[in-house]
Structures are given as C-alpha cells and as structure tokens.
Amino acid sequence: MAVYPSLKGIYPIGIVEEKTGLTSRQIRYYENMGLISPIRTQGKQRRYTEKDVIRLSRIKYLKDNGFDLKSIREKIELLEKSTKDLDLMINSGAVQGRLTSLYPVSNRAVLMKLLEKN
DNA sequence: CTTCTTACA
DNA sequence: TGTAAGAA
C-alpha cells in the first residue's frame with residue numbers, strides 16, 4: 001500500500017497503480033501511445049498529477065468495457081472538450097442565476113436546453 | 001525498496 | 001501484456 005510519498009497531488013507510478021487499477025506496464029504504454037504526459041523528476045522518474053490519475057482512471061474504465069485504444073482516445077478527447085466548453089460557459093457567466101444546483105447533464109444539447117430563457 | 005529502460009515470449 | 005535484467 002501507499003507506505004510513503006505523494007504530497008501536493010503528485011504521485012509516483014506505484015501510487016498511480018493503486019489508484020487506477022492499471023499496471024505500471026500499461027501506464028507506461030499509454031504514455032507511449034500519447035494518452036498521458038507525466039512530468040519527470042531529475043532522476044527521470046515519472047510524476048503524475050491528479051488530472052493524470054483521472055484520465056488514467058477513465059482509460060481503465062473504457063478498457064474494461066471493451067473499447068480499443070482508438071475509441072478510448074476519441075472518447076477522452078470528446079469528454080475533455082465538453083468539460084472545457086462547460087467551464088468556459090460557467091466562467092463567462094452564462095450559467096449565472098439559472099442553475100440552482102448541479103443537474104445531471106448528459107450532453108451539450110441537454111445543457112443548452114436547461115440554459116434556455118423561459 | 002521503487003522506478004527506469006530494453007528486450008524477449 | 002507480463003516478466004527478466006541491470007542500472008539508477
């Protein structure tokens with residue numbers, strides 16, 4: 001188990017294995033495939049951020065459900081793009097005073113529906 | 001002891 | 001993907 005490290009939300013590969021359920025072999029493989037880009041210490045060891053862990057967890061989930069790397073790559077990209085757009089709307093005030101809580105929005109179409117003026 | 005790279009099955 | 005080797 002996590003006997004040591006990981007202050008400030010950055011973790012060595014061993015901890016990431018435990019948090020995501022992926023093997024170090026798979027984690028390094030996905031990096032070579034361009035799905036993640038952990039930073040390196042001066043000693044060349046990989047350090048993963050919380051975002052990297054979240055991304056790897058999604059990869060793990062999709063993988064377990066039979067999706068190939070190509071599909072996983074597309075889904076991750078779409079999901080992060082949507083999230084980025086939503087953050088943009090929220091930060092620009094588009095949602096101000098219209099949503100009183102976090103409704104379960106499944107996609108952009110539904111979100112826009114909720115944002116329509118009545 | 002943990003992680004890294006390279007290489008083979 | 002798993003695992004072995006040798007280095008860091």
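Here is how names work: the chains are called A, B, and so on, in the same order as the sequence lines, proteins then strands, and each is numbered from 1.
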Value in whole Å for how far the P atom of dC4(B) lies from CG of Asn32(A): 12 Å
Touch class at under 4.0 angstrom, heavy-atom based, for Tyr48(A) against every strand present: nothing
Spacing of Arg28(A) atom CZ and Leu22(A) atom CG [to the nearest 0.5 Å]: 12.5 Å
Residue whose closest nucleotide on DNA chain C lies nearer the 5' end, Gly43(A) versus Tyr29(A): Tyr29(A)
Sugar-phosphate, base or nothing in reach of Ser24(A), heavy atoms under 4.0 Å: nothing
Set of residues satisfying side chain to side chain contact (heavy atoms under 4.5 Å, CB included) with respect to Gln45(A), sequence neighbours excluded: Thr41(A), Arg47(A)
For Gln26(A), side-chain hydrogen bond (donor to acceptor under 3.5 Å, both in side chains) partners two or more places apart: Thr23(A)
Using the 3.5 Å cut-off, write out each protein N or O paired with an N or O of nucleotides 5-9 of chain B and the distance between them.
{"unit_1": "dT5(B)", "atom_1": "OP1", "unit_2": "Arg40(A)", "atom_2": "NH1", "d": "3.1"}
{"unit_1": "dT5(B)", "atom_1": "OP1", "unit_2": "Arg40(A)", "atom_2": "NH2", "d": "3.1"}
{"unit_1": "dT5(B)", "atom_1": "OP2", "unit_2": "Arg46(A)", "atom_2": "NH2", "d": "2.0"}

Rounded interatomic separation in angstrom, taking CG from Asp68(A) and C1' from dT1(C): 16 Å
Any donor-acceptor pair under 3.5 Å from Arg73(A) side chain to Met33(A) backbone: yes
Ile59(A) CD1 to dT1(C) P, straight-line distance once rounded to whole Å: 11 Å
Rounded distance in Å - CD (Glu17(A)) to C1' (dC4(B)): 13 Å
dT1(C) phosphate, OP1 or OP2, under 4.0 Å from Thr23(A) side-chain N/O: no
Pro38(A) versus Arg46(A), closest heavy-atom pair with distance: CG-CG, 3.8 Å
Any donor-acceptor N/O pair, Asp85(A) side chain to Ser82(A) backbone, under 3.5 Å: no
